[in-house]
Amino acid sequence: MEPVYPDFVPDPADSHSEMESLQVDIADTAIFADAFETDIFDSHALVAGVDQGFDGDDAISAIVVMRDGHVVERVHASVPTQIPYIPGLLSFREGEAILAAFAKLETEPDVALFDGSGRIHFREAGLATHIGVTLDLPSVGVAKSLLCGRPTESLDDPLPVGSRVPIVADGNVTAPDGTVIGYALQSRQYDSGNRYINPLYVSPGHRISAETAADLVEGCCAGYKLPEPTRLADSYAAELTG
DNA sequence: GCGACAG
DNA sequence: ATCTTGTCGC
């Protein structure tokens with residue numbers, strides 16, 4: 001796949017203010033509502049998992065495409081990193097490697113799951129939103145910790161599997177206060193013991209609503225905390241790193 | 001100035 | 001993200 005919006009391709013050489021300005025434009029173009037070409041819940045739907053690993057100064061992006069529980073295609077691309085990790089600007093660090101991997105992909109996914117946030121972002125343009133809009137591909141952000149926003153109820157106590165707690169915009173997010181920008185989703189939990197598993201933070205990237213994004217991620221989980229496409233992309237990136 | 005911050 | 005041992009539970 002190639003970018004549909006070349007102007008949105010992340011450029012690590014930009015100044016921080018240019019990056020933030022681009023994010024405002026991307027958020028303005030993003031659609032945080034269901035707008036797919038094909039039904040992403042159909043058993044024939046192609047769901048991609050995207051994750052990055054690092055090998056020295058290189059960022060390695062791994063993409064695994066699945067259909068009905070089986071791997072259809074997987075690709076990876078390695079690109080030297082230009083900038084360090086900066087909260088709020090993650091897509092400018094990892095974006096080039098991700099787009100290089102998508103360029104190698106022969107399959108056209110119906111939706112992609114990214115490691116990181118989508119709308120749960122200061123300017124509503126996290127990694128999943130940035131790449132999703134640039135490719136004009138339905139996308140979802142799956143993060144393991146919360147960047148910003150406020151849960152409508154405490155997440156300090158363990159939640160049962162399937163629980164969802166809305167994440168709403170607060171003063172640190174450009175969306176109006178109270179806007180649901182994502183969900184904490186308890187994808188897995190220990191049935192006994194003292195320890196407990198933290199929830200995933202799911203948010204819409206592009207062309208999907210917060211509710212549908214949570215439905216999709218929940219449906220892609222197969223006994224592990226992470227949805228299968230993400231989990232396989234994760235281990236693929238890990239084996240490319242060693 | 002203070003606090004908060006995906007991967 | 002990445003560096004790593006021990007520890008808990010089935």
Side-chain angles (χ1 to χ4, degrees), chain A residues 10 12 16 19-20 23 26-27 30 49-63 76 78-99 101 112-133 139-151 155 158 161 167-175 181-185 187-206 210 213 217 223-227 230-231 233-242:
Chain A
H16 287 194
M19 292 178 183
E20 294 178 1
Q23 290 179 331
I26 289 166
V50 186
D51 187 39
Q52 285 67 246
F54 294 88
D55 185 18
D57 289 330
D58 293 333
I60 301 174
S61 181
I63 302 177
H76 68 88
S78 183
V79 172
T81 54
Q82 303 288 329
I83 58 173
Y85 165 68
I86 301 164
L89 300 178
L90 178 65
S91 61
F92 291 88
R93 171 171 164 80
E94 304 187 348
E96 292 199 311
I98 296 173
L99 291 175
L113 308 180
F114 290 89
D115 66 312
S117 292
R119 196 183 188 184
I120 295 180
H121 179 274
F122 312 119
R123 290 164 294 280
E124 301 176 83
L127 177 69
T129 299
H130 194 154
I131 305 302
V133 169
S139 63
V140 174
V142 181
K144 292 180 286 295
S145 58
L146 192 58
L147 174 62
C148 59
R150 173 179 61 82
L155 299 176
V161 172
I167 304 299
V168 296
D170 57 13
N172 297 311
V173 180
T174 49
I181 55 176
Y183 284 93
L185 172 68
S187 56
R188 185 186 176 183
Q189 191 53 278
Y190 295 130
D191 26 78
S192 65
N194 317 309
R195 299 177 301 171
Y196 64 95
I197 297 173
N198 293 130
L200 292 175
Y201 298 91
V202 180
S203 58
H206 181 46
V217 170
Y224 296 89
K225 173 175 177 171
L226 294 175
T230 299
R231 197 175 68 82
D234 198 88
S235 60
Y236 183 29
E239 82 180 49
L240 292 168
T241 293

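Here is the naming used below: chain letters follow the sequence lines, and residue numbers restart at 1 for every chain.
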Inset, instruction - Give a yes or no on whether the backbone of A:A101 and the side-chain of A:H76 come within a donor-acceptor separation of less than 3.5 Å. - result: no
Inset, instruction - Calculate the interatomic distance between A:L146 atom CG and B:dC5 atom P; express it in whole Å. - result: 8 Å
Inset, instruction - Find the distance A:R150:CZ to B:dA4:C1' and express it as a whole number of Å. - result: 16 Å
Inset, instruction - Write down the distance between CD1 (A:I197) and C1' (C:dG9), rounded to a whole number of angstrom. - result: 12 Å
Inset, instruction - Would you tell me if any nitrogen or oxygen in the side chain of A:S145 comes within less than 4.0 Å of OP1 or OP2 on B:dC5? - result: no
Inset, instruction - Report the distance from atom CZ of A:F92 to atom C1' of C:dA1, rounded to the nearest whole Å. - result: 19 Å
Inset, instruction - Kindly indicate, with the supporting measurements, whether the criterion side chain to side chain contact (heavy atoms under 4.5 Å, CB included) is fulfilled by A:E94 and A:L127. - result: CA-CA 8 Å; A:E94 304 187 348; A:L127 177 69; 4.2 Å; yes
Inset, instruction - Give the rounded distance in Å between these two atoms: CZ of A:F122 and C1' of B:dA4. - result: 7 Å
Legend entry - Side-chain touch A:H121/A:H130, heavy atoms, less than 4.5 angstrom: no
Legend entry - Nucleotide C:dT2, atom C1' - distance to OH of A:Y85 in whole Å: 14 Å
Legend entry - Heavy-atom side-chain proximity of A:L146 to A:I120 below 4.5 angstrom: yes
Inset, instruction - Describe the nucleic acid contact of A:L89 in one word from base, sugar-phosphate, nothing, applying a heavy-atom distance below 4.0 Å. - result: base
Inset, instruction - May I have the distance from A:L147 (atom CG) to C:dA1 (atom C1'), rounded to whole angstrom? - result: 15 Å
Legend entry - Residue A:P87, side-chain atoms from C-beta onward, closest of B:dC5, B:dG7, C:dT2: B:dC5
Inset, instruction - Look at all strands and tell whether A:G141 reaches a base, only sugar-phosphate, or nothing, counting heavy atoms closer than 4.0 Å. - result: nothing
Legend entry - Nearest-Å distance for atom pair OH/P, residues A:Y201 and B:dA4: 15 Å
